[in-house]
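Notes for the one structure printed next.
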There are 2 protein chains.
Amino acid sequence: MSRLYKDGFDKECIKEHREEVYGIAYTQNILSGRWKYIILWYLKTKERRYSEIKAFLWDIPQGSLTKQLRELERDGLINRKVYPEVPPRVDYSLTSKGKEFIPIINLMEEFGKKFGEQFGEQVD
Amino acid sequence: MSRLYKDGFDKECIKEHREEVYGIAYTQNILSGRWKYIILWYLKTKERRYSEIKAFLWDIPQGSLTKQLRELERDGLINRKVYPEVPPRVDYSLTSKGKEFIPIINLMEEFGKKFGEQFGEQVD
DNA sequence: CGGTATCCGACCGGATACTG
DNA sequence: CAGTATCCGGTCGGATACCG
């Protein structure tokens, strides 16, 4: 599965802090993936078509994109809406759960903007 | 290096949103690693010894732990303070940059606590 | 105590080809 | 258009053994 880090944490080691640690592990786990944060960021403002996302991420292989989208869907962060048309059309959007993740995305964006270009040591 | 996802984003594809996307990619990148979030969470309240962290994470292999700590240090999120004693003693603590990451940790903890136990579909 | 060094297996992202 | 199927190579985490 690799769905949860539960295995490693379900022991006595983390006893009293189990809930907090498990929470973080869970969040990190469902967001692990090369493009997940970017995809969520892109869906943050509005619904997008598959082709839009693909174009936005430019040269991402279709296989990779589909995989990431499927995982996000599986973990309940995005909705997948299929229109039975020809040619087919699929829209992706954040679920309510996904929307609750937006504040995190925003903070990560801020953090990255602030520190992303600093390559020198910066050790307090 | 794998230090940055820059390669994939430095193209025209993301032109106007380059800064935002790059920020998120940067943040995700320096936090990628099986134990990083947990370690930061554990250091959030106070300085910790190597052996403390190791004990907290219980059965993490030393090699893995050291590697994660080195990467966090390299990326300027934690300080490594060595006491020239026998036996040796090493303390880890958050840098100012690392401390700015605390809000994100807190949100991820909240998010995980809220959704971590829901395994049923929950698609909005 | 707090590491290095080394090896290995699993997983994941990426590429390519094909399809409804 | 929006996938699926398949393969491959790199990377990372984990395990084990040794060191200052």
Side-chain angles (χ1 to χ4, degrees), chain A residues 1-9 11 13 25 28-39 43 47-75 78-93, chain B residues 1-9 11 13 25 28-39 43 47-75 78-93:
Chain A
M1 287 289 275
S2 93
R3 289 221 33 172
L4 295 175
Y5 289 141
K6 203 163 187 171
D7 309 334
F9 294 118
K11 300 162 184 171
C13 63
Q28 183 195 14
N29 189 241
I30 66 172
L31 267 300
S32 72
R34 173 81 169 67
W35 304 92
K36 300 242 178 91
Y37 286 94
I38 311 291
I39 292 170
L43 294 178
E47 195 170 71
R48 309 275 189 177
R49 292 188 63 166
Y50 180 90
S51 52
E52 275 186 289
I53 303 174
K54 174 109 173 55
F56 182 68
L57 299 178
W58 210 49
D59 56 0
I60 182 177
Q62 277 190 336
S64 301
L65 178 55
T66 300
K67 198 171 157 198
Q68 305 272 312
L69 289 170
R70 287 288 178 284
E71 290 178 10
L72 286 170
E73 189 192 2
R74 182 199 65 192
D75 291 323
I78 63 174
N79 286 313
R80 180 166 177 272
K81 199 164 26 174
V82 183
Y83 296 87
E85 305 172 354
V86 178
R89 170 207 176 100
V90 180
D91 280 355
Y92 291 93
S93 59
Chain B
M1 285 289 275
S2 94
R3 290 221 34 171
L4 295 175
Y5 289 140
K6 203 164 189 172
D7 309 333
F9 294 118
K11 300 162 184 171
C13 62
Q28 182 194 14
N29 189 241
I30 65 172
L31 267 300
S32 72
R34 175 82 171 70
W35 304 95
K36 299 240 179 93
Y37 286 93
I38 312 291
I39 292 170
L43 294 179
E47 195 170 72
R48 308 276 189 177
R49 290 189 63 166
Y50 181 90
S51 51
E52 275 186 288
I53 303 174
K54 176 110 174 53
F56 182 67
L57 298 178
W58 209 48
D59 56 0
I60 183 177
Q62 275 190 338
S64 301
L65 178 53
T66 301
K67 198 171 157 198
Q68 304 272 313
L69 289 170
R70 285 289 178 283
E71 290 178 9
L72 286 170
E73 190 192 1
R74 182 199 65 191
D75 291 323
I78 62 174
N79 286 314
R80 180 165 176 272
K81 198 164 29 175
V82 183
Y83 296 87
E85 305 172 356
V86 178
R89 171 206 176 99
V90 180
D91 279 357
Y92 290 94
S93 59

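Sequence lines set the chain letters: A, B, ... in the order given, protein chains first and strands last, and positions in each chain run from 1.
Toward the 5′ end of DNA chain D lies the nearest nucleotide of A/D91, the other residue of the pair A/D91 and B/G63 mapping further downstream. Residue whose closest nucleotide on DNA chain C sits further toward the 5' end, between A/K36 and A/P88: A/K36.
Closest approach of B/K54 and B/I60 over heavy atoms only: NZ-O, 3.0 Å.
Looking only at side-chain heavy atoms (C-beta outward), B/K67 and B/R70 stay at 4.5 Å or farther from each other. Residues B/Y50 and B/T66 meet the side-chain proximity criterion, which asks for heavy atoms closer than 4.5 Å.
In this structure, the NZ atom of B/K54 is 15 Å from the C1' atom of C/dT4, given to the nearest Å. Rounded to a whole Å, the OH atom of B/Y92 is 11 Å from the C1' atom of C/dC1. Separating the CD atom of B/Q28 from the P atom of C/dC12 is a distance of 14 Å, rounded to the nearest angstrom. Distance NZ (B/K67) to C1' (C/dA5): 13 Å, rounded to an integer number of Å. Distance B/K81 NZ to C/dC1 C1': 17 Å, rounded to the nearest Å. Per the geometry, CZ belonging to B/F56 stands 17 Å off P belonging to C/dG2, to the nearest Å. Distance CG (B/L65) to P (D/dC12): 17 Å, rounded to an integer number of Å. Nucleotide C/dG13 holds its P atom 15 Å from the CZ atom of A/R70, rounded to whole Å.
For the pair B/R80 and C/dG2, the criterion of a side-chain N or O lying under 4.0 Å from OP1 or OP2 is not met. OP1 or OP2 of D/dA2 lies within a sub-4.0 Å distance of a side-chain N or O belonging to A/S51. Proximity of A/R49 to the phosphate of D/dA2: a side-chain N or O atom is located under 4.0 Å from OP1 or OP2.
Closest contact between the side chain of A/T66 and the listed nucleotides C/dG13, D/dA2, D/dT4 involves D/dT4. Ranking C/dG13, C/dG14, C/dG3 by closeness to the A/P61 side chain, first place goes to C/dG14. Between D/dA2, C/dG3, D/dG13, one nucleotide has an atom nearer to the side chain of A/V90 than all others, and that is D/dA2. Checking D/dG3, C/dG13, D/dG14 against the side-chain heavy atoms of A/Q62 singles out D/dG3 as nearest. When the nucleotides D/dA15, C/dG13, C/dT4 are ranked by their closest atom to the side chain of A/R34, C/dG13 comes out on top.
Without hydrogens or angle criteria, A/Q28 side chain to B/G33 main chain gives a donor-acceptor distance under 3.5 Å.
Within the nucleic acid shown, A/Q68 comes within 4.0 Å of sugar-phosphate atoms alone, with no base atom in reach, counting heavy atoms only.
Of the candidates B/K81, B/E73, B/R80, B/E47, B/Y92 forms a side chain to side chain donor-acceptor pair (under 3.5 Å) with just one, namely B/R80.
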